**Q** 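Quick one: this structure, given as structure tokens, is what I'll be asking you about.
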Amino acid sequence: MARDYYEVLGVSRSASQDEIQQAYRKLARRHHPDVSKDPGAEERFKDLNEAYSVLSDPKTRARYDRFGEDFRKIPEDFDERVAARGGGGFRGGRTAGAGGPRVRYATGFGAEGIDIDDLLGSMFGAGAARGGVPGADQEAELPLTVEEAYRGGRRTVTLAGPTGQPRRYEVDVPPGVTDGQRIRLAGEGGRGSGDAPAGDLYLRVRIQPHPRFRLDGRDVHVQVPVAPWEAALGATVPVPTPGGGTAKVTVPAGSSSGRRLRLRGEGMPNPRGANGDLYAELRVMVPPTLGDRERELFEELAATSSYDPRRTR
């Protein structure tokens with residue numbers, strides 16, 4: 001059973017875009033599979049991403065509010081006012097005769113399709129389905145590395161065409177795309193009937209797991225190894241960024257493994273607002289082997305220090 005996207009994010013239907021983003025970031029951080037031990041965390045995380053991808057886009061959200069779980073079955077250029085007058089409801093489609101063939105509209109989202117006459121007739125009257133039928137919108141996945149998502153740029157994507165032959169697309173990936181975000185290729189979807197326009201192709205971004213970086217929305221988390229003396233005395237250390245460069249972070253004296261240091265604005269870029277943040281999580285590393293002098297110093301420290309990490313505070 002389809003779930004209400006507002007319920008998934010725990011917000012009201014009147015929630016602002018900021019409230020939706022805040023709710024998503026809070027829940028995604030809690031249910032991320034790398035953080036949560038709940039066996040259902042991965043599925044919950046996918047639900048959150050799907051809900052956010054719909055509600056974070058004002059146009060998609062408006063269609064969802066109007067049509068509910070069937071919003072993907074309705075072309076984006078559907079015009080209710082035209083349909084109510086019996087004009088077909090699809091802007092740009094040419095009117096066909098009333099005795100034309102019935103068409104099953106393939107959604108491209110895993111459903112078997114719907115009868116466009118039945119759907120539009122039940123919503124707006126029999127005259128709604130008399131126009132030409134545009135092609136179906138289709139969807140495919142676009143896998144990206146964290147670095148590719150950060151930088152954006154032009155990519156060549158090869159997908160199987162209607163006849164099984166590969167088709168190549170030149171795609172402009174905006175910098176800072178997030179997992180689940182969709183990129184629209186206008187007119188590259190299913191072919192329309194007659195002179196009706198083709199549907200659109202939507203590429204849904206899937207950011208691949210990274211050995212170093214972990215994404216939480218636009219925030220980026222990275223582990224930073226530090227030596228025991230750097231953690232104890234404090235230091236300034238380099239931190240890798242998803243853009244391929246490095247930033248500097250100051251490690252406060254007395255830091256332990258697990259401490260997180262925030263670098264504001266160094267996360268994923270956001271063309272529409274503030275960039276995400278980069279969180280450096282410290283990991284204190286002990287030398288695998290010790291030289292004679294190093295061993296002497298550690299033994300001297302052990303004999304001198306009164307610190308007991310197992311002491312209950």
Side-chain angles (χ1 to χ4, degrees), residues 50 53-54 57-64 66-124 126-144 152-174 177 180-206:
E50 180 179 357
S53 70
V54 172
D57 185 304
K59 291 184 179 179
T60 308
R61 179 184 179 183
R63 293 174 65 229
Y64 174 72
R66 175 64 184 87
F67 298 107
E69 64 183 81
D70 290 328
F71 77 102
R72 288 194 175 99
K73 299 177 183 178
I74 309 300
E76 289 192 353
D77 56 359
F78 184 78
D79 192 326
E80 296 179 29
R81 294 169 298 179
V82 176
R85 295 195 300 267
F90 299 103
R91 294 190 295 276
R94 294 181 59 181
T95 302
R102 293 172 69 83
V103 179
R104 289 194 67 80
Y105 179 77
T107 66
F109 289 85
E112 293 181 358
I114 57 175
D115 192 307
I116 198 70
D117 287 318
D118 291 343
L119 174 65
L120 300 185
S122 64
M123 295 167 80
F124 307 109
R130 294 174 183 166
V133 180
D137 289 344
Q138 298 174 339
E139 181 173 290
E141 288 195 351
L142 175 61
L144 297 175
R154 199 163 184 81
R155 284 178 53 84
T156 299
V157 178
T158 303
L159 301 173
T163 63
Q165 297 296 318
R167 296 180 62 182
R168 293 166 63 89
Y169 303 92
E170 294 296 323
V171 182
D172 289 319
V173 178
V177 292
Q181 185 173 333
R182 297 198 303 169
I183 299 174
R184 178 188 179 196
L185 301 182
E188 296 293 347
R191 297 177 60 182
S193 63
D195 294 332
D200 297 331
L201 173 62
Y202 288 90
L203 299 179
R204 187 176 292 277
V205 173
R206 292 302 180 200

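Everything quoted here is computed from the prediction, not taken from an experiment.
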**Q** What closest approach, in Å, do A198 and G187 show between heavy atoms, and which atom pair accounts for it?
**A** CB-O, 3.6 Å
**Q** Quick one: list whatever passes salt bridge (charged side-chain N to carboxylate O under 4.0 Å, His left out) with R155, sequence neighbours left out.
**A** E148
**Q** What is the distance from atom CZ of R184 to atom CG of L203, rounded to the nearest 0.5 Å?
**A** 12.5 Å
**Q** Using side-chain hydrogen bond (donor to acceptor under 3.5 Å, both in side chains) as the criterion, list what pairs up with T158, not counting sequence neighbours.
**A** none
**Q** Specify the closest pair of heavy atoms between T156 and E170, including all atoms of both residues, with the distance to one decimal.
**A** OG1-OE2, 2.8 Å
**Q** Taking side chain as C-beta onward, heavy atoms only, is L159 less than 4.5 Å from Y169?
**A** yes
**Q** Restricting to side chain to side chain contact (heavy atoms under 4.5 Å, CB included), what partner residues turn up for E141, sequence neighbours left out?
**A** R206
**Q** Nearest 0.5 Å, what's the OG1-OH distance between T60 and Y202?
**A** 7.0 Å
**Q** With no hydrogens and no angle check, is any side-chain donor or acceptor of R204 less than 3.5 Å from a backbone partner on G180?
**A** yes
**Q** Testing the basics here: between D137 and D200, what is the closest heavy-atom pair and its distance to 0.1 Å?
**A** OD1-N, 2.8 Å
**Q** R168: which residues meet the salt bridge (charged side-chain N to carboxylate O under 4.0 Å, His left out) condition with it, sequence neighbours left out?
**A** none
**Q** Under the rule for side chain to side chain contact (heavy atoms under 4.5 Å, CB included), what residues qualify as partners of A62, not counting sequence neighbours?
**A** none
**Q** How long is the span from the OG atom in S53 to the CD atom in Q181, to the nearest 0.5 Å?
**A** 9.0 Å
**Q** Stepwise, does the side chain to side chain contact (heavy atoms under 4.5 Å, CB included) test hold for E188 with R167?
**A** CA-CA 10 Å; E188 296 293 347; R167 296 180 62 182; 3.2 Å; yes
